[in-house]
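Just so it is clear: chains get the letters A, B, ... in the order the sequence lines come, proteins before strands, and each one is counted from 1. Any value given below was found using the heavy atoms of this structure, including those in side chains, with hydrogens, waters and symmetry copies removed. Bear in mind that the values here come from a model prediction, so they are computed numbers and not experimental data.
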2 protein chains.
Amino acid sequence: MAYGMALAVLADPTRRKVFERLRTGPRAVNALAAGLPVSRPAVSQHLRVLKEAGLVEERSEGVRRIYSVRREGLAELRDWLDSFWGDALDAFKREAERSHRERGRK
Amino acid sequence: MAYGMALAVLADPTRRKVFERLRTGPRAVNALAAGLPVSRPAVSQHLRVLKEAGLVEERSEGVRRIYSVRREGLAELRDWLDSFWGDALDAFKREAERSHRERGRK
DNA sequence: GCTTACCGTAAGTCATGGCTTACGGAATGG
DNA sequence: CCATTCCGTAAGCCATGACTTACGGTAAGC
């Protein structure tokens, strides 16, 4: 039921914005909070929630904490989402969508 | 930005449970609310939110309202999720791990 | 040493939204 | 025509959580 936690965590707009900023690569809290309409502690709290949900991972680099996305945390949510295309009646359509989606992955 | 609304809508556990019950096929509100730990009006409110988000569609059948999943509402969310499997992210992570190894253990 | 930068945590405030009960409208059956 | 079934809506209560300010702790530079 980890996809439920991923959904709840990614539901918040500012937290999702923080998460999306990590899509281009790992960043420090300082850089993540820059430009956001909330304070830096708020970003820290969001990162804490993201980490507890397994969506990001953290590493220390001197005095900075570098955060990066953890794709394993997203995998279960993606599988759950795909389960709505699992109808036997739409098997043909499902296969077409899936092969189209695999373009550009891995 | 419709994936944000889909995330917010699917974040609620009971609402997600209602949505999952529609995965096997269209159902009436009566059947959807049966067995759930909440009242029937609560289910109606959830269905209203799901409909406004474009995740379900409704049709009248006599005195009953039949709801069914709308996969187009899930498509954008799925695409957003897949955007985290880009090649750029892989390159960043590999580089980060490599430089971290070269620096030696902490 | 001292200072500065970077970050996490605590406590408290306040809005959001999910739930309930109560009600009203529309279609079917007798 | 009346009762019943099925459902949406309104009003109100209350818990959750997102945000702020204030503080403490740690690493690097002087």
Side-chain angles (χ1 to χ4, degrees), chain A residues 1-2 4-22 25-70, chain B residues 1 4-22 25-70 96 99-100 103-106:
Chain A
M1 203 172 359
M5 187 177 302
L7 281 169
V9 163
L10 294 174
D12 183 72
T14 64
R15 184 160 50 215
R16 190 170 57 245
K17 207 170 245 177
V18 170
F19 187 67
E20 286 175 343
R21 286 196 174 192
L22 289 174
R27 298 198 183 272
V29 181
N30 214 11
L32 290 172
L36 288 183
V38 296
S39 65
R40 182 199 50 79
V43 175
S44 273
Q45 292 170 2
H46 283 310
L47 287 168
R48 172 187 168 92
V49 175
L50 286 167
K51 183 183 176 184
E52 286 175 358
L55 294 176
V56 301
E57 52 191 0
E58 168 202 357
R59 109 179 92 99
S60 286
E61 197 164 292
V63 70
R64 304 189 189 169
R65 314 288 178 89
I66 310 294
Y67 286 88
S68 53
V69 302
R70 201 172 154 276
Chain B
M1 205 174 350
M5 188 177 301
L7 281 168
V9 164
L10 294 174
D12 184 72
T14 64
R15 184 159 51 213
R16 191 169 57 245
K17 209 171 241 176
V18 170
F19 187 67
E20 286 175 344
R21 287 195 172 192
L22 290 174
R27 297 191 183 261
V29 181
N30 215 10
L32 290 172
L36 289 183
V38 296
S39 65
R40 182 201 50 79
V43 176
S44 273
Q45 292 170 2
H46 283 311
L47 287 168
R48 172 188 168 90
V49 175
L50 285 166
K51 184 182 176 186
E52 286 175 356
L55 293 176
V56 300
E57 52 190 1
E58 167 202 359
R59 77 168 182 268
S60 286
E61 198 164 290
V63 70
R64 303 187 190 171
R65 315 287 177 90
I66 311 295
Y67 286 88
S68 53
V69 302
R70 200 172 154 276
S99 62
H100 182 262
R103 205 175 301 113
R105 267 180 47 84
K106 169 164 171 248

5' priority, DNA chain D, between A/P41 and B/A28 [closest heavy atom]: B/A28
Integer-rounded Å distance: D/dC7 P and B/H46 NE2: 16 Å
Flag, side chain of A/R70 to backbone of A/E57, donor-acceptor distance under 3.5 Å: no
Rounded interatomic separation in angstrom, taking CG from A/D12 and C1' from C/dA15: 13 Å
Interatomic distance, A/I66 CD1 vs D/dA27 P [rounded to whole Å]: 15 Å
Whole-Å distance separating the CD atom of A/E58 from the P atom of C/dC7: 10 Å
Whole angstrom value for the distance that separates P of C/dT20 from CG of B/L36: 10 Å
Proximity to the side chain of A/Q45 - top-ranked nucleotide from C/dC19, C/dT21, C/dA10: C/dA10
Below 4.0 Å: OP1/OP2 of C/dC19 and any side-chain N or O of B/T14: yes
Which nucleotide in C/dC19, D/dG8, C/dG8 has an atom nearest any side-chain atom of B/R65: D/dG8
Pairwise side-chain contact, B/S60 with B/R64, heavy-atom cut-off 4.5 Å (strictly under): no
Rounded distance in Å - NZ (B/K17) to P (C/dG18): 15 Å
Any A/Y67 side-chain nitrogen or oxygen under 4.0 Å from OP1 or OP2 of C/dC6: no
Atom-pair distance (CZ on B/R64; C1' on D/dC7), nearest Å: 12 Å
Residue B/V38, side-chain heavy atoms: nucleotide from D/dC6, D/dC19, C/dC19 that is nearest: C/dC19
Nearest to side-chain heavy atoms of B/S39, which nucleotide of D/dA18, C/dT20, D/dT20: C/dT20
B/N30 side chain near D/dC7 phosphate (N/O to OP1/OP2, under 4.0 Å): yes
Distance, rounded to the nearest Å, where A/R48 contributes CZ and C/dC6 contributes P: 23 Å
From D/dC19, D/dA18, C/dC7, nucleotide with atom closest to A/R15 side chain: D/dA18
Interatomic distance, A/R48 atom CZ to A/E58 atom CD [nearest 0.5 angstrom]: 11.0 Å
Sugar-phosphate, base or nothing in reach of B/R40, heavy atoms under 4.0 Å: base
Heavy-atom side-chain contact between A/L47 and A/L32 under 4.5 Å: yes
Nucleotide of D/dG8, C/dC7, D/dT9 approaching A/S44 most closely (side-chain heavy atoms): C/dC7
Among D/dG8, D/dC19, C/dC7, the nucleotide that comes nearest once only the side chain of B/V29 is considered: D/dG8
Closest listed nucleotide, where the reference is the side chain of A/V63 and the choices are D/dG8, C/dT20, D/dT26: D/dT26
Minimum-distance pair of heavy atoms, taken over all atoms of A/L7 and B/R16: CD1-CD, 3.6 Å
Stepwise salt bridge (charged side-chain N to carboxylate O under 4.0 Å, His left out) test for B/E61 and B/R59: CA-CA 7 Å; B/E61 198 164 290; B/R59 77 168 182 268; 3.6 Å; yes
